[in-house]
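A, B, ... follow the sequence lines: proteins, then strands. Residue 1 opens every chain. Just so it is clear, the values below take in all heavy atoms, side chains as well, and ignore hydrogens, waters and symmetry mates.
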There are 2 protein chains.
Amino acid sequence: MPVARAALSADAVVDVALHLVDEDGPAALTLAAVASRAGVATPSLYKHVRNLAELRALMSVRILDDLAERIRGAVLGRSADEAIRALMMAWRDYVLGHPHRYSALDQAPEPMVAQAGDRVVDVVLAALRAYGLEDSEAIHAARCVRAAVHGFAVLEAENAFQRPEKLDETYDLLIHLVAGGLHTRQRNALPAPRPATPEPPAAASRRAPPHEVRAK
Amino acid sequence: MPVARAALSADAVVDVALHLVDEDGPAALTLAAVASRAGVATPSLYKHVRNLAELRALMSVRILDDLAERIRGAVLGRSADEAIRALMMAWRDYVLGHPHRYSALDQAPEPMVAQAGDRVVDVVLAALRAYGLEDSEAIHAARCVRAAVHGFAVLEAENAFQRPEKLDETYDLLIHLVAGGLHTRQRNALPAPRPATPEPPAAASRRAPPHEVRAK
DNA sequence: CCACTAAGCTAATGGCATTAGCCGGTGTCG
DNA sequence: CGACACCGGCTAATGCCATTAGCTTAGTGG
């Protein structure tokens, strides 16, 4: 089987795409732009990547894996609250360091991407070991950490916080809520969830229903 | 000034777009599709909406305002932990009820959208009043609630959790972390943040740098 | 009844993703 | 050594989509 001259490869394409996004934002991610940066005609990319959707997915996997590597490094040699704090700090640092990259994360149920996401959760899980949580409760806890950090990061990356309060302080509080909460519930079972609170009837939609929109 | 026949309007266009997204997912949001649903030629939409980006922004505002209304209803008549729990439950219910809608939320620093986001935070703020937090700490707390719920919701909506554990339980834990943590810190100042943890040097990028990608 | 204007339409442009089919170089195997 | 297969690139073509320009029409206010 011929190895062919070492030229582009799927990985290299992802590299180019990543730099493009870093510099020009997620909206600039187009096969045409990637091809141009790679010094190649657009259709050539299809030799390495099935289509734009796949490129996005590959990028997402790369980003999540990079992120996992970072936070893994941050956790090394620390444990419990220290570890969680370091992990969450490193996570946010990554996002702040590559804001566009984070908001380019795929919004699709690609299993490949979801697996990469679970690889991130694995690191969180490891950092959580010191709390001695039960197997499945550890998973819930790790998910909570991921949700909290991810939510904060997404919102911060898209500039969703308007008020003047410092985001650093907000993040400190978030770390505190998570770490503190996990700390106090080590080796305890989940408390019985309260009875579901009945919803007040949803307020009626404020506007005309979308069909019969044209009077006439 | 002639009012003209009551036909389409910006609001009506947003209605159509919202239904489109609800049914066919965020990727299906295209002016052509909206126009077709509205029974109108594509360029006609420009009489009501400046361009696709503005339509997206308007949609985001609507979604966030709907959401704010829902959670406002959920909080009515409850306070403290009860209120937070109800709020978070209602929030997730909204997202689960319109999964596509939530992931169609604008990812751009549109100030209009950010303001709508802050309107959501206002509701959270109100729900937090019972905790008697200081002004600015209340804002931090509200942001934490938003971040946690948003993160969870985004991840759940895009199916990012793979493991078999029930998401309901995870969410219960998340509520518990947030509510519990806020509870124990009522009327307390922020604890002195720990000294910044020095980062281990970032692991070297695993792949060739994106320029000089083409040998030869 | 007339003019104004909002709201709709058709036609045209240009970007982009994607497909089809061609070509040259490189290694492998006879 | 030479034929072959195949890889990775290219050009051409298609079709969808957003967006713009300019025309048409139908209510409204005078």
### Among dC10(D), dT19(D), dC9(C), the nucleotide that comes nearest once only the side chain of K47(A) is considered
dC10(D)
### R50(A) CZ - dA17(C) C1' separation (whole Å)
15 Å
### Summary
So, with a heavy-atom separation below 4.0 Å from DNA chain D, the residues of residues 24-33 of chain B are T30(B), L31(B), A32(B)
#### Entry: Nucleotide nearest P43(B) (side chain, heavy atoms from C-beta), chosen from dT19(D), dT18(C), dG8(D)
dT19(D)
### Query
Salt bridge or not for R62(B) and D11(B), using N-O below 4.0 Å?
yes
### Query
Out of dG8(D), dT20(D), dC10(D), which nucleotide sits closest to the side chain of Y46(B)?
dT20(D)
### Task
Inspect the contact between D22(B) and R101(B) and indicate whether a charged nitrogen and a carboxylate oxygen are less than 4.0 angstrom apart.
yes
### Query
Going by an N to O cut-off under 4.0 Å, is there a salt bridge joining R92(A) and E156(A)?
yes
### Under-4.0 Å side-chain N/O to phosphate OP1/OP2 contact, H48(A) with dG9(D)
yes
### Separation of atom CG in L45(B) from atom P in dT20(D), rounded to whole Å
13 Å
### Salt bridge R85(B)-D172(B), side-chain N to carboxylate O under 4.0 Å
yes
### Query
Would H150(B) and Y102(B) count as a close aromatic pair, with their ring centres under 6.0 Å?
yes
### Query
Rounded to the nearest Å, what distance is computed from the CG atom of residue N51(B) to the C1' atom of nucleotide dC17(D)?
14 Å
### Query
Once you round it to whole Å, what is the distance between C1' of dA17(C) and CZ of R56(A)?
11 Å
### Query
Among dT19(D), dG9(D), dT11(D), which nucleotide sits nearest the side chain of T42(B)?
dT19(D)
## Note on the structure
From the candidates dG9(D), dG8(C), dT10(C), the one with an atom nearest any side-chain atom of S44(B) is dG8(C)
### Task
Flag the pair D15(A) and R37(A) as a salt bridge only when some basic side-chain nitrogen lies within less than 4.0 angstrom of an acidic carboxylate oxygen.
no
